[in-house]
Amino acid sequence: MKLLSVVVPCYNEEENVPYFYEELLKQEDKLKERGIGLEIIYIDDGSKDGTVREVRKLREKDERVHLVSFSRNFGKEAAIYAGLSKAKGDYAVMMDADLQDPPALLPEMFDYIDQGYDSVATRRVTRKGEPPIRSFFARRFYALMKHISKTEIVDGARDYRLMTRQVVDAILSMKEYNRFTKGIFGWVGFQTKWLEYENIERVKGETKWNFWKLLLYSLDGIMAFSTMPLAIASVLGIVFCIFAFLLIIFIVVKTLIYGDPVGGWPSLVCIISLVSGVQLFCLGIVGQYMSKMYMEVKNRPIYLVKEEF
Ligand code: UDP
Ligand code: MG
């Protein structure tokens, strides 16, 4: 019998914890036929509601239920890392507690593992039920990432992914503090099969993401998997140097021919303010990378555990 570890990050999901359990167990027989047993690892990401209480209740009747409870909210990326570290399975799968990742897909996913794929990932082909403005910016983000990052980051990719032990270990070997999971999966590589499905709206509770959080998250993603902004800063620097050089020649020649009538300060003000704006912009980009580096160098733990079973 092989073991499948199901990793479920939960942040204020008390209603979904038992519901998810029931839905998952509906697939138990089908998995058993393939010789696969289950363990369920709930990660409580510093929930303020009864998430931990609900997991404890499940544990009382089922030994295969596990919990890692964080001391505060560390974010889904940290929760995924904690879950994969705790997973003992020959395979691991990550699923949202809100059942937006249908467990019914699991048997099909194992078909592909049997065919020799190392990992089976899912992507949404529609964004039904999402605010249009959010979809628009999400699309722009993926289009941009395609151009500026060498790592493959797939549009609409969910974190719902089945992996062999080998892939799990590869992901665990990446101990960086700024964890952009979608990029990390792309970075480790391996043979990945993509399954597509239509977006499913969450059953209970509310999404934990608002527009601002997503915007910051996308900036993290760009910083973590592309150094293109640094290149842009350098190119801007070069362009402005060339411009300045030409301007110097022009002004010297002009002064030699026509003398130096006072004037021209409006253009001077324009040039100074434009150039200093660009300078600050580029300095900001460099500063962003430096702040990320600062956080990495501190080498803080990715998460802190309060309770575990
Ligand atoms: N989640 C988490 N920590 C957070 C935010 C979210 O563990 O800080 C979990 C959440 O409980 C859920 C999953 O990550 O199981 C996906 O979150 P959500 O459904 O809010 O995101 P969406 O599906 O809207 O992208
Ligand atoms: Mg969700």
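In this chain, residues are counted from 1 in sequence order. Nothing here was measured: the structure is a model prediction, and the numbers come from that model. Both ligands and their constituent atoms are indexed starting at 1 by order of listing. Computed from heavy atoms alone, side chains included, the values below leave out hydrogens, waters and symmetry copies.
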Counting N and O atoms only, with roles assigned by atom type, does the side chain of [X] sit under 3.5 Å from a partner on the main chain of [Y], one being a donor and the other an acceptor?
X	Y	result
Asp96	Leu99	no
Thr51	Glu13	yes
Tyr11	Lys76	no
Ser218	Leu215	yes
Arg179	Met174	yes

**Study point:** is_close_aromatic(Tyr42, Tyr21), centroid dist under 6.0 Å
**Key:**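 Distance test on ring centres: not under 6.0 Å, no.
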**Study point:** Pair Phe190 + Phe185: ring centers closer than 6.0 Å
**Key:**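 No - the distance between ring centres of Phe190 and Phe185 does not fall below the 6.0 Å cut-off.
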Practice item. May I have the step-by-step check of side chain to side chain donor-acceptor pair (under 3.5 Å) for Ser5 and Glu39, ending in yes or no? Key: CA-CA 5 Å; Ser5 306; Glu39 77 171 343; 2.6 Å; yes
Check your understanding: Under 6.0 Å from the six-membered ring centre of Phe136 and within 45° of its axis: does the NZ or CZ of Arg134 meet both?
Key -> no
**Study point:** Amino acids contacting ligand 1, non-hydrogen cut-off under 4.0 Å
**Key:**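 Near ligand 1, by chain and number: Pro9, Cys10, Tyr11, Glu13, Asp45, Asn73, Gly75, Lys76, Asp96, Ala97, Asp98, Gln100, Arg134, Arg202, Thr207, Lys208, Trp209.
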Point to revise | Nearby protein N/O/S atoms (those under 2.8 Å) for the Mg ion (ligand 2), with water ignored | key: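 Only Asp98 OD2, Gln100 OE1 fall inside 2.8 Å of the Mg ion (ligand 2).
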